[in-house]
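A short write-up of the structure that comes next.
Just so we're clear, the structure is a prediction, and the values are computed from it rather than from any experiment.
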Amino acid sequence: MPLKKIAFLILLLITAYSCKKSDEEIWIDDTEPNTPIVDFGFKFDDFNVHYDTIQSQDTFERILKKQNLNGKKVADIIRSVKDSIPTTVHFKKPYICLRSKDRYNKLEYLIYQTDRVHYYLIDLRDSVVAYKKARPLTFKTKTIAGELTGSLTQTLRSMKVEPKLSGRLSKIYAWSIDFFKSRKGDKFAISYTERYINDTIYDGVDSIRAAYFEYKGEKIYAFPYQLERQSKTEFYDEKGKALKNFFLKAPLKFVNITSHFTKNRFHPVQMRWKAHNGTDYAAPTGTPIMTTAAGIVEQAGYTAGNGNFVKVKHDKTYSTQYLHMSKILVRRGQRVKQGEIIGKVGSTGLATGPHVCYRFWKNGVQVDALKLKLPNSQPMEKRDLPRYYEYMKPLKRALDSVSDVKFK
């Protein structure tokens, strides 16, 4: 290759490398300086700031001694603040020391955080004073619409929404929607509020304002509302009908039905055709099993066919039974609340894999729980409806509006 061509190629390579390097330097030079930190009511630039974390052997006294305070000073501080703050501290909780920016580097404030929002502030400048405080919170409302692409948790995660929201929604709809039967493509909309610390730090979902889910071709709305005669908020649909029923739809959360109630099923262990008087819900061993309604434990024990099982009597009409447990967590005669954990999923007795067989009695006869129309526990009276409608309509309009935009 001629010398001129070689020189030209070398020049091109040098130029390309120089340009790339130059671009990187310009990008670095254009970086904005760090925004000054303002937190806990202080401008951190005004102090020498030291961040630390409670260690396993730390006490409040030991933390103070780490700040180069003598024993008498530490004793005086503890005596001054003992009625204002807890003198016991918790492992791995953070604390911050704010020191003066002069040559003395004197400790002026100590901030101990009990959680992301709440903290204790000790003012050490003159007379020692301690306060319990909270970082300022702001709340932002979001209304979203989507359709199931898998489980509700997976769908929310794909939408960059906190997956924990699915747990709250499953509790709200536990009496009215069987999430085992939800299908891909089912539509939903949710209006909720998020918490922010100092207006910028995301601190999770605060509350659900309204929601709807498509279920078996119908929209089931949910609006939180507290009646004057009630001590807490319940959820109602757009007609004022309570979502909370006497029974939960299922004893487990987000698993698969593997066998339905039927008069003729081929038993996988006994290898013969026989009635299956329950509904099988498959889940990993150890999954918590909930009682679907409040009642008294009528039986808790073991048989060769049922394995470890619990039977709960709810009233004169209804009883339920939960079979094949790996562990029983209640005893006979114990009173249990709706949703209380009474055992863990297993495969004891005649079972080929971990699941719970859920059986249901009405007036002493075993029936298909999934086909029953069970009573509401909190009906709304007619006199309450006008006020409820006035409260609910703007929330419903917000859900419908975002759905119209999403699914038009």
Side-chain angles (χ1 to χ4, degrees), residues 115-117 137-197 199-225 233-238 242-245 248-257 281-284 286-290 292 339 341 345 392 394-408:
D115 56 47
R116 285 164 61 93
V117 176
L137 289 175
T138 53
F139 300 88
K140 301 177 183 180
T141 299
K142 285 190 176 181
T143 304
I144 62 169
E147 50 186 289
L148 293 179
T149 56
S151 71
L152 180 57
T153 301
Q154 292 168 338
T155 302
L156 291 176
R157 185 179 285 115
S158 69
M159 297 172 68
K160 302 195 183 306
V161 178
E162 183 178 329
K164 289 182 181 178
L165 187 59
S166 66
R168 293 197 185 191
L169 290 165
S170 67
K171 287 181 181 179
I172 292 168
Y173 284 104
W175 298 270
S176 51
I177 291 181
D178 186 350
F179 280 102
F180 307 114
K181 293 184 177 179
S182 59
R183 298 171 300 178
K184 288 184 179 181
D186 284 351
K187 297 177 176 62
F188 63 88
I190 312 163
S191 181
Y192 59 97
T193 55
E194 294 178 327
R195 289 188 308 275
Y196 288 83
I197 300 170
D199 203 38
T200 56
I201 304 170
Y202 177 71
D203 193 46
V205 173
D206 182 71
S207 60
I208 294 174
R209 301 173 70 244
Y212 86 71
F213 270 86
E214 278 189 359
Y215 183 62
K216 295 183 178 180
E218 295 183 11
K219 285 184 178 180
I220 300 180
Y221 287 88
F223 304 101
Y225 189 73
T233 299
E234 301 288 357
F235 281 83
Y236 300 85
D237 68 12
E238 79 278 16
L243 295 186
K244 185 174 182 178
N245 287 343
L248 297 174
K249 283 287 185 180
L252 301 179
K253 295 180 180 179
F254 302 111
V255 288
N256 297 318
I257 294 177
Y281 293 91
T287 301
I289 300 170
M290 305 177 292
T292 53
I341 306 304
V345 168
M392 172 272 296
L395 295 171
K396 183 177 182 295
R397 191 161 50 244
L399 293 177
D400 292 341
S401 297
V402 75
S403 298
D404 290 343
V405 172
K406 176 74 175 180
F407 303 122
K408 66 178 181 180

Taking the side chain as everything from C-beta on, heavy atoms only, tell me whether [X] gets closer than 4.5 Å to [Y].
X      : Y      : answer
Thr287 : Leu252 : yes
Met290 : Leu248 : yes
Phe223 : Glu238 : yes
Ser403 : Lys406 : no
Arg209 : Thr141 : yes
Phe213 : Leu169 : yes
Phe407 : Lys187 : yes
Ser170 : Leu152 : no

Rounded to the nearest 0.5 Å, what's the gap from [atom1] on [X] to [atom2] on [Y]? Could you check?
X      : Y      : atom1 : atom2 : value
Leu148 : Phe188 : CG    : CZ    : 6.0 Å
Arg157 : Lys164 : CZ    : NZ    : 11.5 Å
Leu137 : Arg116 : CG    : CZ    : 10.0 Å
Ser191 : Leu395 : OG    : CG    : 6.5 Å

**Report entry** Test side chain to side chain contact (heavy atoms under 4.5 Å, CB included) applied to Tyr173 and Ile220, step by step
**Finding:** CA-CA 9 Å; Tyr173 284 104; Ile220 300 180; 3.7 Å; yes
Query raised in the report: Can you name the closest pair of heavy atoms from Ser158 and Thr149 and give their distance?
Result: OG-OG1, 4.3 Å
Requested in this report: Please report the shortest heavy-atom distance between Lys249 and Tyr281, naming the atom on each side.
Outcome: O-OH, 3.8 Å
Query - Donor-acceptor pair between Glu194 and Tyr196 side chains, under 3.5 angstrom - result: yes
Query - Under 3.5 Å side-chain donor-acceptor pair for Thr193 and Ser207 - result: yes
Report task. Would you sort out whether Ile289 and Ile341 count as a side chain to side chain contact (heavy atoms under 4.5 Å, CB included), showing the intermediate values? Result -> CA-CA 5 Å; Ile289 300 170; Ile341 306 304; 5.9 Å; no
Donor-acceptor pair, [X] side chain versus [Y] backbone, under 3.5 Å?
X      : Y      : value
Tyr192 : Ile144 : no
Arg195 : Asp203 : yes
Thr155 : Ser151 : yes

Query raised in the report: Hey, mind stepping through Lys244 and Phe235 against side chain to side chain contact (heavy atoms under 4.5 Å, CB included) and telling me if it holds?
Result: CA-CA 7 Å; Lys244 185 174 182 178; Phe235 281 83; over 6 Å; no
Report task. State whether the number of non-hydrogen atoms from other residues, nucleotides or ligands found under 6.0 Å of Lys171 atom NZ is greater than 12. Result -> no
Requested in this report: Determine whether more than 12 heavy atoms belonging to other residues, nucleotides or ligands lie under 6.0 Å from atom NZ of Lys140.
Outcome: yes
Requested in this report: Please work out whether the ring planes of Tyr221 and Tyr212 are parallel, tilted or perpendicular, with thresholds of 30° and 60°.
Outcome: tilted
Report task. Quickly, which of Leu399, Leu156, Val161, Val205 forms a side-chain contact (heavy atoms from CB on, under 4.5 Å) with Ile190? Name it, please. Result -> Leu156
Query - Test side chain to side chain contact (heavy atoms under 4.5 Å, CB included) applied to Asp400 and Lys219, step by step - result: CA-CA 11 Å; Asp400 292 341; Lys219 285 184 178 180; 4.1 Å; yes
